[in-house]
Amino acid sequence: MEFLRFLVRPLVTTVFSFTVVVVHAQTTVTDLAGRQVRIPARVERILLGESRLLPALAILEGDPSQRLVAMMGDMERVDPASYAQWRTRFPGLDDIARIGRSDAKSFSDERALALRPQVAIFTLGGGHTPGERDRETLARLEAANIAVVFVDFRRDPLRNTPRSMELLGKVLGKNQRAADFNHYWKQQLDIVSKRLQKKQTTGPTVFLENRVGLATACCETMTGLLGKVLDAAGGQNMAKGLLPGEYGLINPELLIARQPQIYIGTGIGSTQTLHSAPQRIALGAGVTPELARKSLLHALRRPQLQSLQAVRHKRAYAIWHHFYNSPFNVVALQVMAKWMHPDLFADIDPQQTLREMYRRFQPLPLNGTYWIDAGH
């Protein structure tokens, strides 16, 4: 019987349980805010804090929309002509979810979280996007395992543009493409910086008018943003020491009393704004040189500017405002350097520089006028 009981005894099977741990590869980068950020080794879903960073993405990606799941709506609002050009080339951009309009206050944390990006790309200083001091927003995103990295083309453009492109190259796995762009960018920077170092003479005084025609009052100016490019181009910004921050108003009487040698206005107008805002200088995508010059001359007819010797002597110019937040800012540097030191830079051609940058690093053809003079 014992033998039979042994035969019919339930067979006991020992089951070994294995726990499979999937380790997701990550890499650590240092962003432009000095933060150590861990990002996935393969990024598939990106949130873009400013849609005006599309050209920077396109330098590395070709099609900047291929990994985008969300972006702010600033480009279509503040630079609609450029957005129209990008939308024509990449219609899918219209289908990318918008998580805000054109200012940081409109940014929707809830919408951003719902779209499950892996990486959010923001810009230092915020303004059009949450900035590095928006602790609450950053905490919410990071708690959802969204890596937040900061780039910078505006606060310290000529130092941080190559650093930002290198960072984006690491995030997107496009290191060589970023290196190729930085190599060309630095070559163009050196053309200006090395000659100015040898020259060692004082440049002309300049009044840099910010966002011409946005407000009715005169005279809004800046020492930051494109003011940093002006400094590097060898000009003396007359607003230095007069503003409490990077931009603000100066008294028209002071402007007339100081008589800057050169006037430069930044253009935020386009072919679309000619009828609704004719006081703006039209520059950028789709604008012809004739239209750009006409709009500049219209802006120069204001009484405060008619009294300037720079205007009377045809040393008045305008440049596309959005160079202040663009990886192509080195072109603005060459343009300003040529205006302020025409003999020293007689042989350089900023238009050729911009044309070559588009040919090599943009999926769009160059179309438009990005700077203009008052004519002679």
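At a threshold of 4.5 Å between non-hydrogen side-chain atoms, the residues M357 and Q188 do not count as touching. Inter-residue side-chain proximity for N329 and W185 is flagged as met; some heavy-atom pair is nearer than 4.5 Å. Taking the side chain as every heavy atom from C-beta outward, L124 and D156 never approach each other to under 4.5 Å. Taking 4.5 Å as the limit, some side-chain heavy atom of L296 sits within range of a side-chain heavy atom of L300. No side-chain heavy atom of V331 sits under 4.5 Å from any side-chain heavy atom of Q334. Residues P64 and W86 form a side-chain contact, since some pair of their non-hydrogen atoms from C-beta on lies under 4.5 Å apart. No side-chain heavy atom of I96 sits less than 4.5 Å from a side-chain heavy atom of F90. At least one side-chain heavy atom of V149 sits under 4.5 Å from a side-chain heavy atom of V119.
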Step by step, would you call T221 with Y247 a side-chain contact (heavy atoms from CB on, under 4.5 Å)?
CA-CA 6 Å; T221 187; Y247 49 87; over 6 Å; no
side-chain hydrogen bond (donor to acceptor under 3.5 Å, both in side chains), that's the test. Do T205 and Q236 meet it? Break it down for me.
CA-CA 5 Å; T205 57; Q236 296 185 74; over 6 Å; no
In sequence, state the C-alpha distance, the side-chain angles, and the governing distance for F153 and F323, and then conclude on ring-ring contact (aromatic ring centres under 6.0 Å, His included).
CA-CA 9 Å; F153 299 104; F323 271 127; over 10 Å; no
Could you check K199 against D343 for salt bridge (charged side-chain N to carboxylate O under 4.0 Å, His left out), going step by step and ending with a plain yes or no?
CA-CA 11 Å; K199 183 177 174 62; D343 295 335; over 6 Å; no
Before you tell me yes or no, could you show the steps for R89 and D63 under side-chain contact (heavy atoms from CB on, under 4.5 Å), namely the whole-Å CA-CA distance, both residues' side-chain angles and the distance that decides it to 0.1 Å?
CA-CA 9 Å; R89 177 66 179 84; D63 178 357; over 6 Å; no
Q309/R312 under side-chain hydrogen bond (donor to acceptor under 3.5 Å, both in side chains): CA gap, chis, key distance, verdict:
CA-CA 5 Å; Q309 293 179 16; R312 292 177 179 175; over 6 Å; no
Y83 and D94: CA distance, side-chain angles, deciding distance, side-chain hydrogen bond (donor to acceptor under 3.5 Å, both in side chains) verdict:
CA-CA 10 Å; Y83 182 73; D94 277 348; 2.6 Å; yes
Run the side-chain contact (heavy atoms from CB on, under 4.5 Å) test on V192 and F345 for me, step by step, so that the C-alpha distance in whole Å, both residues' side-chain angles and the decisive distance to 0.1 Å come before the verdict.
CA-CA 8 Å; V192 175; F345 296 104; 4.1 Å; yes
Show your working on salt bridge (charged side-chain N to carboxylate O under 4.0 Å, His left out) between R140 and E142 and close with a plain yes or no.
CA-CA 6 Å; R140 287 176 183 167; E142 290 168 344; over 6 Å; no
How far apart are the C-alpha atoms of N251 and L255, what are their side-chain angles, what is the distance that settles it, and do they pass the side-chain contact (heavy atoms from CB on, under 4.5 Å) test?
CA-CA 6 Å; N251 191 295; L255 174 63; over 6 Å; no
Using the rule given for side-chain hydrogen bond (donor to acceptor under 3.5 Å, both in side chains), can you reason through T123 versus E50, listing the C-alpha separation, both sets of side-chain angles and the distance that settles it, and then say yes or no?
CA-CA 8 Å; T123 56; E50 290 191 32; 2.7 Å; yes
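Side-chain atoms of N160 do not come within 3.5 Å of backbone N or O of D152 as any donor-acceptor pair. T369 contributes a side-chain N or O that, together with a main-chain N or O of V287, makes up a donor-acceptor pair within less than 3.5 Å. With hydrogens and angles ignored, the 3.5 Å screen pairs a side-chain donor or acceptor of T88 with a backbone N or O of A84. The backbone N or O of S108 lies less than 3.5 Å from no partner atom in the side chain of R111, so there is not a single donor-acceptor pair. Although no hydrogens or angles enter the test, the distance criterion places a donor-acceptor pair under 3.5 Å between the side chain of S295 and the main chain of A292. Not one N or O on the side chain of R211 forms a donor-acceptor pair closer than 3.5 Å with the backbone of T266. The backbone N or O of A332 lies less than 3.5 Å from no partner atom in the side chain of W371, so there is not a single donor-acceptor pair. In this structure, the side chain of K338 does not engage the main chain of P350 through any donor-acceptor pair within 3.5 Å. Between the side chain of S51 and the main chain of M72, a donor-acceptor pair closer than 3.5 Å is present. T288 places a side-chain N or O within 3.5 Å of a backbone atom of L291 that can act as its donor or acceptor partner.
Distance check: N325 CG to L225 CG gives 8.5 Å after rounding to the nearest 0.5 Å. Between the CZ atom of R359 and the CD atom of Q352 there is a distance of 9.0 Å, given to the nearest 0.5 Å. Taking OG1 of T28 as the reference point, atom NZ of K170 lies at 10.5 Å (rounded to 0.5 Å). Interatomic distance, CG of L168 versus CD1 of I46, reported as 8.5 Å (0.5 Å rounding).
With I319 as the fixed residue, the side-chain contact (heavy atoms from CB on, under 4.5 Å) test singles out one of Y324, W339, Y370: W339. Exactly one residue among R155, R163, R159 makes a side-chain contact (heavy atoms from CB on, under 4.5 Å) with L32. That residue is R163. Of the candidates R98, R87, R101, R98 is the only one forming a salt bridge (charged side-chain N to carboxylate O under 4.0 Å, His left out) with E76. Under the side-chain hydrogen bond (donor to acceptor under 3.5 Å, both in side chains) rule, D373 has a single partner from K314, R315, R293, which is R293.
Contact record, L243 with M222: CD1-CA, 4.1 Å, taken as the closest heavy-atom pair. Contact detail for H341 and G203: the closest heavy-atom pair is CE1-CA, 3.9 Å. Taking all atoms of both residues into account, the shortest heavy-atom contact from Q362 to A58 is NE2-CB, 3.9 Å. The two atoms that bring L214 and R280 nearest to each other are CD1-NH2, 3.6 Å, heavy atoms only. For I281 against A299, the heavy-atom pair with the smallest separation is CG1-CB, 3.9 Å. For F122 against G49, the heavy-atom pair with the smallest separation is CD2-CA, 3.5 Å.
In this structure, L158 is a member of the same hydrophobic cluster as Y184, with clusters built from ILVMFWY side-chain heavy atoms closer than 4.5 Å. By the rule that hydrophobic residues join a cluster once side-chain heavy atoms approach within less than 4.5 Å of another member, I268 and L305 end up as members of separate clusters. By the criterion of side-chain heavy atoms lying less than 4.5 angstrom apart, applied directly or through intervening Ile, Leu, Val, Met, Phe, Trp or Tyr residues, L308 is grouped together with I372 in one hydrophobic cluster. Hydrophobic clustering keeps W320 apart from L274 (ILVMFWY residues linked when any side-chain heavy atoms are closer than 4.5 Å, directly or through intermediates). By the criterion of side-chain heavy atoms lying less than 4.5 angstrom apart, applied directly or through intervening Ile, Leu, Val, Met, Phe, Trp or Tyr residues, I250 is grouped together with L226 in one hydrophobic cluster.
Ring geometry for F181 versus F328: interplanar angle over 60°, hence perpendicular rather than tilted (30 to 60°).
Looking only at atom types and distance, the side chain of S82 has a donor-acceptor partner in the side chain of D79 under 3.5 Å away. Neither side chain, T223 nor E246, offers a donor N or O lying under 3.5 Å from an acceptor on the other. R45 and Q118 share no side-chain donor-acceptor pair at under 3.5 Å.
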